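Each remark here refers to the structure printed beneath this line.
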Amino acid sequence: MVKFQDFQLSPSILKSLKRIGFEETTPIQEQSLPFSLAGRDIIGQAQTGTGKTAAFGIPMVERTDARVKAPQGLVIAPTRELAIQVSEELHKIGYDKKVQVLAVYGGQDIQRQIRALKKQPAIIVGTPGRLLDHMNRKTVDLSRIRIVVLDEADEMLNMGFIEDIEAILEKLPAERQTLLFSATMPERIRQTALRFMKNPEFIKIRSKEMTVPQIDQYFVKVEEKDKFDALTRFLDYHSPDLAIVFGRTKRRVDELSEALSIRGYTAEGIHGDLSQAKRLSVLRKFKEGNIDVLVATDVAARGLDISGVTHVYNFDIPQDPESYVHRIGRTGRAGNSGMAVTFVAPREMGYLREVEKTTGRRMRRIDVPSLKEAIEGQQRLAMEKIHAAISENDLSLYREAAEELLSESDPVAVVSAALKLLTKEPDRTPVKLSFERPLPAKRTAKNRKTSVKQKEAVNGQKYFRRKTAGKR
DNA sequence: AAAAAAC
């Protein structure tokens, strides 16, 4: 086991790491620190939850010089929530070195940020849009940046984002260290990344080396119109402690969280159209356990470290395999096991194949739980509640009433009644959910030949393509 | 084609 003490780190950083409780390195830290501390560029592939933030945070804090009154480290993150989370962790790592860390992101009062930037924090963590805004206003000084990090880089270098990133990187000193981290590494992203970097060292944490343990991956074939009832069956059967349901669009997320609330689940939605205050409060409630089900677009797919998520349901299969990897990475963290269930409309089977190709793992097919199984799941939960109440509470105040009940009725009947009252019975309240078109059929290798022929035959008429959807 | 990201 390699420890942080084995590296040549400043005493102040070792002190902070000790306070956080970091002693042994994770694989990504062990393999990247020798290069990053030596000033080399790095392209690192690892999931979140593997200690990535400390892997770049330690060299970044190490590199800052308290005597220089200007930002020296810059982290760019794809979502606001991730920027906040990263800045909090960097703050902890830099605490004893007295390194100031500032997060700048959209949706927050810009005047407040400008005042904070005037104090010249040593490290800035930001989202691309707001960072550019500050650069144009000349309210941020990036002339002394010595080390820059692109976090969740596959997302950052995607179409649409790339121009922003390029514009930011162009304004940074050429004499700098660039670290790039990403959970997935498509060839296209790798090529783009190389343009910004100098002789980078590639570090890849293979999945068996990841501290992220096994996530059991399943898929269920279900028609669009049956999806919602299927979801509630799964929620009842699994009775997850904390679950995330991913939907494809913002409207979908609104409708789903509303529908789940109507059926008696404590659910709330999160997506990019909500105010930043609302986004943060939903996330906080979820982290505190005051919401059982978080319904989300891909805004919540990347990088967020929420511990204790037991189940991920992909209500809609993601279009990009990379997105799938990020989504299921929200569960099975910090040594816990996790379960991911992906809903697939029959004609979307081609996407499932693509995802499996990317992850290198097969998903096991399961069926929608039966009504009986759903009820059993809720009864199991009720029994757990009773067990917990017995071991955790002082029940002396209830003894007399309990004895009275038992003297009047059959003991099994008394307990059955208590169980019934504690069991959430399947709710069939009708709910409104707009019809979401399944993704267009994706041609798989098996049926490609025929589909090309058919396409020619009908001169590209869309409805014919449906017939060529993959079968499984 | 959707989502994220600036006002």
Side-chain angles (χ1 to χ4, degrees), chain A residues 48 74-87 103-114 117 124-140 150-169 171 182-184 189 244-256 269-276 278-280 282-283 294-304 314-327 330 345 347-348 350-351 354-355 434-442 462 465:
Chain A
T48 36
L74 176 68
V75 182
I76 314 174
T79 67
R80 298 168 182 177
E81 282 77 8
L82 186 58
I84 294 166
Q85 188 181 292
V86 167
S87 74
V104 293
Y105 49 87
Q108 202 197 33
D109 178 20
I110 197 156
Q111 292 305 328
R112 209 177 106 196
Q113 281 177 5
I114 291 172
L117 282 166
I124 294 173
V125 186
T127 47
R130 185 53 75 90
L131 259 175
L132 276 174
D133 197 354
H134 281 297
M135 287 165 70
N136 293 333
R137 290 166 185 253
K138 305 207 184 316
T139 48
V140 63
L150 299 183
D151 201 4
E152 300 293 334
D154 51 355
E155 178 65 4
M156 307 272 286
L157 301 182
N158 252 338
M159 301 280 287
F161 247 155
I162 180 88
E163 292 88 353
D164 288 357
I165 303 300
E166 274 175 347
I168 295 169
L169 291 178
K171 295 281 166 31
S182 189
T184 65
I189 301 297
I244 304 183
V245 176
F246 282 105
R248 198 152 62 88
T249 63
K250 290 179 272 203
R251 183 171 83 164
R252 181 79 141 180
V253 164
D254 284 336
E255 292 182 352
L256 262 177
I270 186 167
H271 59 65
D273 274 359
L274 301 178
S275 74
Q276 192 55 30
K278 178 73 180 166
R279 277 163 65 166
L280 288 175
V282 169
L283 215 53
L294 180 70
V295 188
T297 58
D298 278 333
V299 69
R302 285 163 193 280
L304 286 192
N314 291 312
F315 194 76
D316 301 306
I317 189 170
Q319 315 190 48
D320 310 311
E322 286 83 33
S323 174
Y324 175 86
V325 175
H326 287 286
R327 286 180 178 189
R330 296 316 99 209
R347 72 152 131 156
E348 293 172 334
Y351 290 86
E354 296 270 312
V355 167
S434 314
F435 180 80
E436 187 94 5
R437 279 172 62 89
L439 295 171
K442 198 154 200 154
K462 266 184 186 165
R465 292 228 302 263

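This structure is a prediction, so every number in the text was calculated from the model and none was measured. Residue numbers begin at 1 in each chain, while the letters A, B, ... track the order of the sequences. Only heavy atoms go into these numbers, but all of them, side chains included; no hydrogens, no water, no symmetry mates.
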### Message
Would you say R80(A) places a side-chain N or O within less than 4.0 Å of OP1 or OP2 belonging to dA5(B)?
### Response
yes
### Message
Heavy atoms from C-beta onward define the side chain here; which of dA4(B), dA2(B), dA6(B) lies closest to that of Q319(A)?
### Response
dA2(B)
### Task
Could you tell me the separation between the CZ atom of F315(A) and the P atom of dA3(B), rounded to a whole number of Å?
15 Å
#### Entry: Rounded interatomic separation in angstrom, taking CD from E152(A) and P from dA4(B)
15 Å
### Message
Regarding D164(A), tell me which of base, sugar-phosphate or nothing describes its non-hydrogen contacts under 4.0 Å with the strands shown.
### Response
nothing
#### Entry: R327(A) CZ to dA3(B) P, straight-line distance once rounded to whole Å
11 Å
### Query
Is any side-chain N or O of S323(A) closer than 4.0 Å to OP1 or OP2 of dA3(B)?
no
### Task
Grab the CZ-C1' distance between F161(A) and dA2(B) for me, whole Å please.
13 Å
### Task
Could you tell me the separation between the NE2 atom of H271(A) and the C1' atom of dA2(B), rounded to a whole number of Å?
13 Å
### Task
Counting heavy atoms from C-beta on, name the nucleotide in dA2(B), dA4(B), dA6(B) closest to the side chain of D320(A).
dA2(B)
### Query
Tell me: CD of E436(A) to P of dA1(B), nearest whole Å?
14 Å
### Query
E155(A) has an atom CD; how far is it from atom P of dA3(B), in whole Å?
13 Å
### Query
Are OP1 or OP2 of dA2(B) and a side-chain N or O of R252(A) less than 4.0 angstrom apart?
no
#### Entry: D133(A) with R137(A): basic N within carboxylate O range, under 4.0 Å
yes
### Query
Any side-chain N or O of T127(A) less than 4.0 Å from the OP1 or OP2 oxygen of dA4(B)?
no
### Query
When you check the side-chain N and O atoms of Q276(A) and Q108(A), is any donor under 3.5 Å from an acceptor?
no
### Query
Can you tell which of I114(A), I124(A), I110(A), T139(A) makes a side-chain contact (heavy atoms from CB on, under 4.5 Å) with V104(A)?
I124(A)
### Query
In whole angstrom, what separates D298(A)'s CG from dA5(B)'s P?
12 Å
### Task
Under the side chain to side chain contact (heavy atoms under 4.5 Å, CB included) rule, what do L132(A) and I168(A) come out as? Steps first, then yes or no, please.
CA-CA 7 Å; L132(A) 276 174; I168(A) 295 169; 3.8 Å; yes
### Query
Rounded to the nearest 0.5 Å, how far apart are CD1 of I270(A) and CG of L283(A)?
5.0 Å
